[in-house]
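Let me begin by presenting the structure, written as structure tokens, before commenting on it.
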Amino acid sequence: MTYHNPPTTPRKSAVFDDYTLSEIRRAASTGIYDIRGGGAKRKVPHFDDLLFLGASMSRYPLEGYREKCSTTVTLGTRYAKKPIELKIPITVAGMSFGSLSANAKEALGRGATIAGTSTTTGDGGMTPEERGQSQTLVYQYLPSRYGMNPDDLRKADAIEVVVGQGAKPGGGGMLLGQKISDRVAEMRTLPKGIDQRSACRHPDWTGPDDLEIKIIELREITDWQKPIYVKVGGARPYYDVALAVKAGADVVVVDGMQGGTAATQEVFIEHVGQPTLACIRPAVQALQDLGMHRKVQLIISGGIRNGADVAKALALGADAVSVGSAALVALGDNDPALESEYQKLNTTAGAYDDWHEGRDPAGITTQDPELSKRLDPVLAGRRLANYLKVMTLEAQTIARACGHNHVHNLEPEDLCALTIEAAAMARVPLAGTSWIPGQGNL
Amino acid sequence: MCGIVGLFIKDASLEPKLGQLTSTMLATMCERGPDSAGFAVYGPATKGRAKITLQSPDPDRDFAGLTAPISKAIGAEVSLERKSTHGVLSVPAGKVDAAREALRTGHPHLRIMSSGDVIEIFKEVGYPTQVASRFDLSKMQGSHAIGHTRMATESAVTTMGAHPFSTGPDQCLVHNGSLSNHHNLRRDLIHDGMSFETENDTEVAAAYISWRMKQGLNLGEALQKSLEDLDGFFTFVVGTKNGFGVLRDPIACKPAVMAETNQYVAFGSEYRALAGLPGIDAARVWEPEPATVYFWER
Amino acid sequence: MPTVDLATTSLRELNELLHKQGAGTNETQWEILNPKGRHAVAVGVDAPLNIDIKGPVGYYVAGMNKHANIVVHGSAGPGAAENMMSGKVVVKGDVSQYAGATGRGGLLVVEGNASSRCGISMKGIDIVVKGNIGHMSAFMAQTGNLVVFGDAGDALGDSIYEARLFVRGSVKSLGADCVEKEMRDEHLDLVDNILQRSGLNGVKPKDFRRYGSSRKLYNFNIDNADAY
């Protein structure tokens with residue numbers, strides 16, 4: 001018999017994988033870094049790595065439907081004359097008109113209102129559509145101050161001073177020219193069609209000592225009625241939350257690295273910031289150390305997808321969570337029914353993130369009038385409301401199973417972790433053990 | 001993240017009011033730094049004597065009977081004036097190093113806040129007005145003073161984490177801002193023999209200035225050099241036995257305002273700090289330029 | 001004429017009083033005493049009031065002003081007239097950083113000097129500074145006009161959009177994408193109009209040079225990476 005030399009199976013590099021190779025080619029060809037929307041796509045320890053213990057003998061569960069498990073949350077009890085009362089512990093995160101179509105903003109307002117929660121403006125000012133359709137509207141105060149004016153400030157139910165966001169802590173915004181339509185340009189006082197370069201710091205204050213004075217100004221302008229939130233990206237959550245509290249925040253929002261953005265450098269989204277799971281305990285610790293846990297409310301965002309995520313975030317000490325990307329999916333973003341159109345954009349449903357290019361076939365992340373028309377704000381609003389209510393029911397189900405009559409009574413001790421990483425980050429024991437890795441440091 | 005005040009007196013007739021004016025200035029900066037406060041006071045010199053300011057977590061225990069062992073160790077008479085948690089030890093000039101060594105070895109739980117011919121540094125955790133009143137700042141006299149109110153950013157709220165930081169004999173430094181390369185710089189300075197008491201970024205800046213001055217630079221030159229080596233946001237106010245200096249980083253985002261009359265030079269993080277000074281309405285008031293060393297001496 | 005003494009009245013009471021004044025109020029002349037560098041004095045006013053502030057103020061005086069005519073008889077801290085919508089704010093002394101930041105309308109007149117970042121992110125406001133302005137002024141300035149009698153510091157108009165900058169004295173350096181431009185008749189008229197509204201005189205429109213965007217950063221090009 002003849003003996004052949006066996007061929008070597010072609011082996012692709014784990015370091016230079018296909019995606020990496022394509023990125024090198026793309027950079028070489030286009031001369032621009034990759035800009036995209038969304039949040040971190042890489043796998044990081046997340047809520048999936050935690051499990052609830054539930055009740056059995058040592059704890060008594062509550063009966064579904066009959067025995068009440070409340071989900072209400074009050075935000076802004078520290079200084080505001082008019083705190084915000086929500087029926088559910090899930091809010092809709094800030095997303096700008098400009099990055100989203102007017103119909104999408106209206107749908108978010110409608111959905112949040114039906115579900116009994118708040119929605120939030122974004123880096124582009126307040127549109128009449130969203131104010132009109134949002135029972136409770138949080139007005140973002142951003143470095144760009146696009147469209148900022150005292151009338152809208154007074155119309156808002158709360159003010160969110162945005163210091164950073166999870167997708168890009170320390171970074172500014174970036175909206176490419178394709179989406180600067182006439183209306184967006186007018187609202188932002190920019191020439192049509194140019195790239196918008198947003199600042200990473202606020203134009204008129206730097207640091208918590210100045211922020212304290214800025215917050216007083218905002219309170220004075222609005223006669224101390226509205227809660228002031230401070231939103232930070234998940235970077236140094238212990239110190240950032242402590243400083244937000246010292247600067248006078250009523251509510252602190254911590255957005256982990258899975259939190260989405262309209263458009264930012266991929267390198268920023270994937271390589272800066274901490275996973276949401278890793279941000280919660282340091283943030284809560286800061287509040288506890290200052291004696292302000294539950295007095296200054298904590299909202300957690302970045303990769304919240306379902307009622308289990310909600311319940312886990314609350315159990316770790318949050319007062320509420322916020323959804324952005326998931327809300328867009330609820331409206332109809334990345335729907336496989338539109339697969340043929342996503343294919344035309346060289347992508348696939350579920351992966352589409354070129355929101356800044358304004359060609360969203362779902363009519364959500366676009367300013368194209370024809371595409372925008374595809375989104376029925378009433379129907380999409382209903383879908384969002386359904387989704388928010390389902391998440392709430394899921395969180396209630398878990399809370400009852402752990403014997404709690406309010407979702408806020410969930411505790412870290414109701415949880416265990418599946419991985420050492422998640423155990424260390426969430427500061428709960430590895431399943432089946434009493435071991436919490438990494439204790440002793442912040 | 002903090003509030004800074006400083007007053008450098010040119011007209012000696014104002015020296016009895018140094019503490020009172022500084023105390024009023026410091027009180028306006030409470031919101032900027034509610035966590036802790038401190039101040040350096042450059043008081044009258046006593047011929048042939050130097051002083052070491054000490055702090056103790058348990059002053060009743062530590063300060064009673066302290067003078068005898070120190071006197072014995074350095075072979076010279078010392079005296080101690082207690083001020084709340086602090087004590088000012090008077091030692092013969094030329095015996096400062098020996099006294100510091102005796103304190104370090106025999107009384108390691110005492111913290112040395114400053115030493116020099118005229119400087120006294122007092123600092124504690126607490127609301128700035130309360131800190132000032134426990135040390136009777138308003139009654140102190142002298143030629144210049146630098147005060148600080150602290151909003152801690154990334155290091156603990158402790159006595160030693162409060163400002164001013166002493167940078168050498170009769171030297172001190174306070175800081176508003178946040179340095180971004182202090183960990184690397186700290187490692188380099190430790191390698192070169194500097195030692196640290198806290199995790200505070202400001203202490204790195206202070207040690208950096210001392211290190212440069214040990215190399216033979218004067219304070220102005222050391223500050224100038226710091227512009228090359230320090231990264232981040234900062235406004236510094238520094239004091240020496242006869243001098244008073246100010247430096248802002250090149251970006252200069254942190255607030256700073258100065259006033260000068262024939263009687264004084266004053267620094268405030270905000271104008272509020274200067275509003276109560278005599279003759280302020282007629283003073284030259286300006287903001288220090290970025291990356292520019294300002295230095296007064298008398 | 002209501003007089004509010006901040007030595008005896010709280011800031012909250014003052015601003016609440018000012019906010020209660022509607023468009024048709026009879027109490028149009030206000031005097032504020034002893035501000036002593038306080039922050040947020042007369043912020044969020046939304047009525048055609050004439051407000052005289054007798055002394056120096058701190059951060060954000062006249063913030064988000066609409067319609068009111070506010071005169072500070074003294075110096076002002078950071079962010080004077082920030083995000084002003086309309087009306088006029090005059091500061092007789094110097095102003096600190098961020099004067100007129102993000103302002104969307106109205107006129108800010110500084111009779112002394114302005115420090116750094118004057119007119120940062122301005123969005124339609126007109127700003128006149130009789131003295132000098134500091135570094136990074138008109139950073140990311142979007143629209144509106146900045147008229148400076150004296151000199152400008154480093155990096156004037158960095159990343160500027162469509163705002164127009166007119167400087168009579170020297171410019172220490174221009175920021176990214178900011179260039180000197182021709183002073184045409186329309187610009188002379190514009191400066192003349194702003195000067196008349198400011199009430200400042202002694203200078204002629206032709207004494208000013210114009211600076212604005214070269215618009216090279218309007219759409220990304222990797223060969224401009226040094227500017228980012």
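Labels below follow one simple rule: chain letters A, B, ... track the order of the sequence lines, proteins then strands, and each chain is numbered from 1. Hydrogens, waters and symmetry mates are skipped; everything else that's a heavy atom, side chains included, is used.
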- prompt: With side chains defined as the heavy atoms from C-beta onward, is the minimum distance between B:Glu270 and A:Ile213 less than 4.5 Å?
  reply: yes
message: Give me the atom names and distance for the closest heavy-atom approach of A:Asp210 to B:Cys253.
response: OD2-O, 4.3 Å
- request: With rounding to the nearest 0.5 Å, note down the distance linking CZ in B:Arg150 to CG in A:Asp209.
  value: 12.0 Å
task: Answer yes when A:Glu212 and B:Arg32 have at least one side-chain N-carboxylate O distance shorter than 4.0 Å, and no when they do not.
output: no
message: Would you say that more than 12 heavy atoms from the other residues, nucleotides or ligands in this model lie under 6.0 Å from the NZ of A:Lys82, or not?
response: no
field: Test ring-ring contact (aromatic ring centres under 6.0 Å, His included) applied to B:Tyr264 - qualifying residues, sequence neighbours left out
entry: none
message: Set out, in order, the CA-CA distance, both residues' side-chain angles and the distance that settles side chain to side chain contact (heavy atoms under 4.5 Å, CB included) for A:Lys246 and B:Asp35, then state yes or no.
response: CA-CA 9 Å; A:Lys246 285 180 193 173; B:Asp35 294 335; 2.7 Å; yes
- prompt: In this structure, are over 12 heavy atoms from other groups packed under 6.0 Å from B:His109 atom NE2?
  reply: yes
task: Could you pull out all residues at least two apart from A:Asp250 that satisfy salt bridge (charged side-chain N to carboxylate O under 4.0 Å, His left out)?
output: A:Arg219
query: Is there a donor-acceptor contact under 3.5 Å from the side chain of B:Lys254 to the main chain of A:Thr206?
result: yes
- request: Say whether, by atom type as modelled, one donor and one acceptor occur between the side chain of A:Tyr239 and the main chain of B:Thr153 under 3.5 angstrom.
  value: no
query: Can you tell me if CZ on A:Arg154 sees more than 12 non-hydrogen neighbours from other groups inside 6.0 Å?
result: yes
